[in-house]
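See below for the structure under consideration.
Counting starts at 1 for both ligands and their atoms, following the listed order.
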Amino acid sequence: MAAPLVPRSSESGGWPEHGGAGPGARRLATALLFLAAVALPCLVLYRAVAPAGVLVQPAARLPWLRAAAAPPHDDDYDVDLVQENDSEDVRLERVLRAAAMANDTVILTTLNSAWAEPGSVVDVFLESFRVGEHTRELVDHLVIVSLDLAAHRRCKQIHAHCLAVATEGVDFSGQKNFMTDGYLRMMWRRIDFLRQVLEKGFSFIFTDTDIVWLRSPLPRLYADGDFQIACDHFTGDPDDLGNSPNGGFAYVRANTETVELYRYWYAARERHPGLHDQDVLNLIKGDRYLAEVGIRIRFLSTEFFGGICEPSRNLSAVCTMHANCCVGLGPKIADLKLMLHDWRRFMSLRDRDKHSASWSVPRNCRRPE
Ligand SMILES: *[C@@H]1O[C@H](CO)[C@@H](O)[C@H](O)[C@H]1NC(C)=O
Ligand SMILES: *[C@@H]1O[C@H](CO)[C@@H](O)[C@H](O)[C@H]1NC(C)=O
């Protein structure tokens, strides 16, 4: 890469001899070239070792350098990185805008490298949109938010709206262990990211990737309710704060109340160190402060938004099925595929036989101890 930057003075025409450049100008030019020759490899090295939160695009930051020698095309230079300090605000806005429905609503999911591999969770997830009822067109409104570089690369191969979000202090290349500090930080980064989305005025449906979409959930969302969340178990009353929410699926309307909820939720992690965002939500959902903010929290029925914890009993009504209550990636993928299999079988039934259809899951999934 550095080779074209260092012209050999023995080469004729390699150096501006004419045009009146005196010895001073020549010394300056030599110094600049030296700088370029030394600085460029250093920058490349810097990129390679920089921690995730500060991953930068040196050529973009230093236009004079790019003008001097455009780096060879490298996928890494395309990383759409949202930095924690909001400096990539514009990029976030652009991706959301491109994916949004007319009413500024987007569908968001977050992806890591393990779930992004071919044949893994993300493939079953996207397949569900293709086989579901009126879900195909929803893919145009889906933004896949990658939490590491491998996931982001895969996203760009298979989907139109991809965004990468780094977590400060977590290796963006994805070499982390689940349930370690880094994993927890990524989960919390997601909450902070969703607050950013709301602040930009975009409402969203957040969906985990281990959910199959079989029908459009839009008609099943409540007309009122700022924050609507799916449940592991549904008590039957959408306003009952005793419902156990599952953060894997939620509809959030962008307004000052929901921005405040996400701000409060994110801040609450410090009072509850070591806890997952979902556990903290469960602890704060009844807080007096949130009642004062005036946010309306509603819980979605498992009849429409089911899961392995509590499957929807009605395939004629179900919108989504979540591989929750499931330990291990292999069992999760196997049961998600079974759900699609059950769905296809259901769709092929004659109308009068449809009421008798049922799930064959869980077959591989088992609950955490
Ligand atoms: C947003 O627009 C879509 C498509 O027109 C519609 O189906 C959906 O109900 C709207 N969402 C909300 C929450 O109003
Ligand atoms: C299943 O859902 C369909 C569509 O919403 C509904 O018409 C039907 O009554 C439901 N069946 C039962 C048993 O609840």
Side-chain angles (χ1 to χ4, degrees), residues 101-103 105-107 109 124-142 203-253 296-326 335-365 367:
M101 301 173 199
N103 48 19
T105 304
V106 290
I107 300 168
T109 190
V124 186
F125 174 70
L126 289 176
E127 188 186 351
S128 77
F129 284 86
R130 291 191 287 269
V131 302
E133 215 171 62
H134 305 301
T135 48
R136 198 177 267 266
E137 53 269 30
L138 294 178
V139 175
D140 295 341
H141 306 296
L142 170 72
S203 302
F204 60 79
I205 296 173
F206 178 83
T207 172
D208 272 350
T209 320
D210 60 343
I211 291 180
V212 288
W213 283 51
L214 305 171
R215 285 193 183 85
S216 170
L218 293 167
R220 300 298 188 184
L221 299 174
Y222 304 112
D224 54 352
D226 306 303
F227 180 83
Q228 306 181 18
I229 187 163
C231 297
D232 282 340
H233 302 285
F234 183 61
T235 64
D237 177 0
D239 295 310
D240 178 7
L241 284 172
N243 278 298
S244 42
N246 185 305
F249 188 96
Y251 165 70
V252 188
R253 183 171 284 135
R296 179 122 197 242
I297 299 178
R298 306 203 79 190
F299 299 88
L300 299 164
S301 168
T302 47
E303 183 179 5
F304 306 120
F305 305 92
I308 287 181
C309 300
E310 195 167 283
S312 164
R313 278 165 306 187
N314 189 347
L315 271 91
S316 298
V318 69
C319 297
T320 59
M321 277 284 283
H322 189 181
N324 52 10
C325 288
C326 186
D335 275 7
L336 284 166
K337 286 183 173 168
L338 266 181
M339 290 175 196
L340 289 189
H341 175 81
D342 291 342
W343 171 256
R344 285 192 171 99
R345 198 187 48 197
F346 167 80
M347 292 299 277
S348 70
L349 291 174
R350 288 171 303 183
D351 278 351
R352 60 188 165 91
D353 296 329
K354 282 196 153 114
H355 68 277
S356 61
S358 63
W359 301 105
S360 52
V361 293
R363 188 177 295 166
N364 304 279
C365 285
R367 290 159 181 275

> Taking all atoms of both residues into account, what is the closest heavy-atom pair of Cys319 and Ser216, and its distance?
Replying inline: SG-O, 3.7 Å

>> Exactly one of Phe206, Phe204, Trp213 should register a ring-ring contact (aromatic ring centres under 6.0 Å, His included) with Phe249. Which one does?
In response: Trp213

Side chains of residues 218-225: which donor-acceptor partners sit under 3.5 Å, not counting sequence neighbours?
residue: Tyr222; atom: OH; partner: Phe299; partner atom: O; Å: 2.7
residue: Asp224; atom: OD1; partner: Arg298; partner atom: NH1; Å: 3.0
residue: Asp224; atom: OD2; partner: Arg296; partner atom: NH1; Å: 2.6

> By salt bridge (Lys or Arg N to Asp or Glu O under 4.0 Å), which residues pair with Arg215, not counting sequence neighbours?
Replying inline: Glu133

> With sequence neighbours left out, what residues match Arg352 under salt bridge (Lys or Arg N to Asp or Glu O under 4.0 Å)?
Replying inline: none

> Tell me, which residues have any heavy atom less than 4.0 Å from some atom of ligand 2?
Replying inline: Arg220, Asn314, Ser316, Ala317

>> What I want to check is whether the side chains of Ser360 and Asp342 have a donor and an acceptor closer together than 3.5 Å.
In response: yes

